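The structure appears right after this line, and notes come after that.
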Amino acid sequence: QNQSKLVTAPSQQTTQLTPSEDETDNWKTYKNTKDNFSFKYPQDWNLTEDKTEINKFTLLSEVKSPDKQLNDYTKMPLYEVSVASKDNKEKLTLDQVVDQSLEEPRSPGVILEGRSQLTVDGKDAEKLVFVQDTGVENTYAIIINDDKIYLLSFTANFITDGLSEQYEEEFKIIANKILATFKFTE
């Protein structure tokens, strides 16, 4: 069974994410004028929007599997990125939002593997990494800008053990590039 450490204290080191411009030049740009943000994402990913109370949209990568039968059977994207925003009516601080998020009930088998501070477009942010006992990793970036809370969710759905390490590393690179291109607009 996979044993992971529970990290309860934020890292003292803050990560500043900055992609090389040419790495994301051919990516698409998503602009949200309602919540005033934008970011880039890979050209071959698909975007779906859900305009409910919490403005949310999801990016799905192409399904990648060397086994055509598995590919046809699962119809599951390998990588998924969601962004949700909601009003910060209670004027919560970043620490309060993170604490509330950590207090939310989780499914059995889900543990907090890591927690770190980072800067996204000049704003303090918190990164939380959860791992399920199935191997699925969920990374969340929580950012507060003005009167809104933004939750970026990065999920890697690994369906083949032999490939999971390769895809996990690839996704971490893509997720960091997406996060590095996240900008607040006026």
Side-chain angles (χ1 to χ4, degrees), residues 14-19 23-63 76-102 104 106-107 110 112-132 136-157 167-168 170-186:
T14 299
T15 304
Q16 176 70 41
L17 300 169
T18 49
E23 292 178 324
T24 59
D25 273 351
N26 66 342
W27 284 17
K28 295 177 185 175
T29 300
Y30 174 79
K31 293 182 181 176
N32 183 307
T33 54
K34 179 182 177 236
D35 291 317
N36 300 321
F37 68 87
S38 70
F39 66 86
K40 291 184 168 191
Y41 62 96
Q43 193 77 14
D44 59 347
W45 287 27
N46 297 315
L47 174 74
T48 61
E49 290 190 74
D50 174 17
K51 297 198 181 234
T52 56
E53 284 178 28
I54 59 165
N55 192 19
K56 178 182 176 179
F57 69 90
T58 303
L59 291 167
L60 301 175
S61 73
E62 62 187 31
V63 177
M76 178 185 281
L78 187 61
Y79 310 131
E80 184 176 335
V81 177
S82 296
V83 178
S85 61
K86 67 178 185 176
D87 291 331
N88 186 6
K89 295 174 185 170
E90 299 169 357
K91 306 288 185 216
L92 300 172
T93 65
L94 180 61
D95 286 338
Q96 290 170 322
V97 173
V98 170
D99 288 345
Q100 281 184 0
S101 177
L102 291 173
E104 289 176 6
R106 306 257 175 243
S107 300
V110 176
L112 177 65
E113 186 177 75
R115 179 177 175 179
S116 59
Q117 297 172 338
L118 61 145
T119 303
V120 176
D121 194 27
K123 303 285 182 189
D124 290 338
E126 192 87 17
K127 185 176 182 179
L128 304 172
V129 179
F130 294 92
V131 177
Q132 299 176 20
V136 174
E137 181 174 298
N138 299 87
T139 300
Y140 300 94
I142 301 170
I143 312 161
I144 295 178
N145 186 46
D146 297 329
D147 294 331
K148 290 218 179 274
I149 299 168
Y150 298 84
L151 176 66
L152 288 76
S153 170
F154 301 88
T155 304
N157 299 303
Y167 288 141
E168 182 176 1
E170 177 183 323
F171 185 58
K172 285 179 182 177
I173 291 167
I174 292 170
N176 281 333
K177 287 179 186 178
I178 290 171
L179 200 51
T181 64
F182 190 93
K183 305 283 182 238
F184 294 103
T185 58
E186 296 299 320

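These figures come from a predicted structure and were not determined experimentally.
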query: Is the number of heavy atoms from other residues, nucleotides or ligands under 6.0 Å of Gln43 CD greater than 12?
result: yes
query: Would you say the side chain of Asp124 lies within less than 4.5 Å of the side chain of Gln117, judging by non-hydrogen atoms?
result: no
- prompt: Is the side chain of Lys40 donor-acceptor paired with the backbone N or O of Thr24 at a distance under 3.5 Å, no angle test?
  reply: yes
- request: Find the distance between CD1 (Ile142) and CG (Leu118) and round it off to the nearest 0.5 Å.
  value: 10.5 Å
message: Walk me through whether Thr185 and Lys31 qualify under side-chain contact (heavy atoms from CB on, under 4.5 Å).
response: CA-CA 9 Å; Thr185 58; Lys31 293 182 181 176; over 6 Å; no
- request: Taking all non-hydrogen atoms of both residues into account, name the closest pair between Tyr140 and Ser153 and its distance.
  value: CE2-OG, 3.5 Å
- prompt: How many angstroms lie between atom CZ of Phe130 and atom OG of Ser107, to the nearest 0.5 angstrom?
  reply: 11.0 Å
query: Would you say Arg115 and Val98 make side-chain contact, with heavy atoms under 4.5 Å?
result: yes
query: Thinking salt bridges, do Asp147 and Lys89 make one under a 4.0 Å N-O criterion?
result: no
query: Taking side chain as C-beta onward, heavy atoms only, is Pro42 less than 4.5 Å from Ile178?
result: yes
query: Nearest heavy-atom pair of Ser101 and Arg106: which atoms, and what distance?
result: O-NH2, 2.7 Å
- request: Over all heavy atoms of both residues, which pair between Leu112 and Leu102 is shortest? Give the atoms and the distance, please.
  value: CD2-CD2, 3.9 Å
- request: Assess whether side-chain contact (heavy atoms from CB on, under 4.5 Å) is satisfied between Phe37 and Lys148, documenting all intermediate values.
  value: CA-CA 11 Å; Phe37 68 87; Lys148 290 218 179 274; over 6 Å; no
Flag side-chain contact, heavy atom, 4.5 Å: Lys123 against Ile144: no
Closest heavy-atom pair and its distance - Phe184, Ile143: CZ-CG2, 3.7 Å
- prompt: Is there side-chain contact between Asn176 and Lys127, with at least one heavy-atom pair below 4.5 Å?
  reply: yes
statement: CG of Asp146 to CG of Asn88, rounded to nearest 0.5 Å, is 10.5 Å
task: Kindly compute the distance separating CG (Leu179) from OG1 (Thr139), expressed to the nearest 0.5 Å.
output: 10.0 Å
- request: Without swapping roles, check the side chain of Thr93 against the backbone of Gln96 for a donor-acceptor pair under 3.5 Å.
  value: yes
Asp35 versus Tyr150, closest heavy-atom pair with distance: O-OH, 2.7 Å
- request: Mind listing the closest non-hydrogen atom pair of Trp45 and Lys28 along with its distance?
  value: O-NZ, 3.7 Å
task: Could you tell me the separation between the OH atom of Tyr30 and the CZ atom of Phe182, rounded to the nearest 0.5 Å?
output: 10.0 Å
- prompt: Taking the side chain as C-beta and beyond, is there a heavy-atom pair between Phe39 and Asp121 under 4.5 Å?
  reply: no
query: Does Val81 reach the side chain of Phe154, with side-chain heavy atoms less than 4.5 Å apart?
result: yes
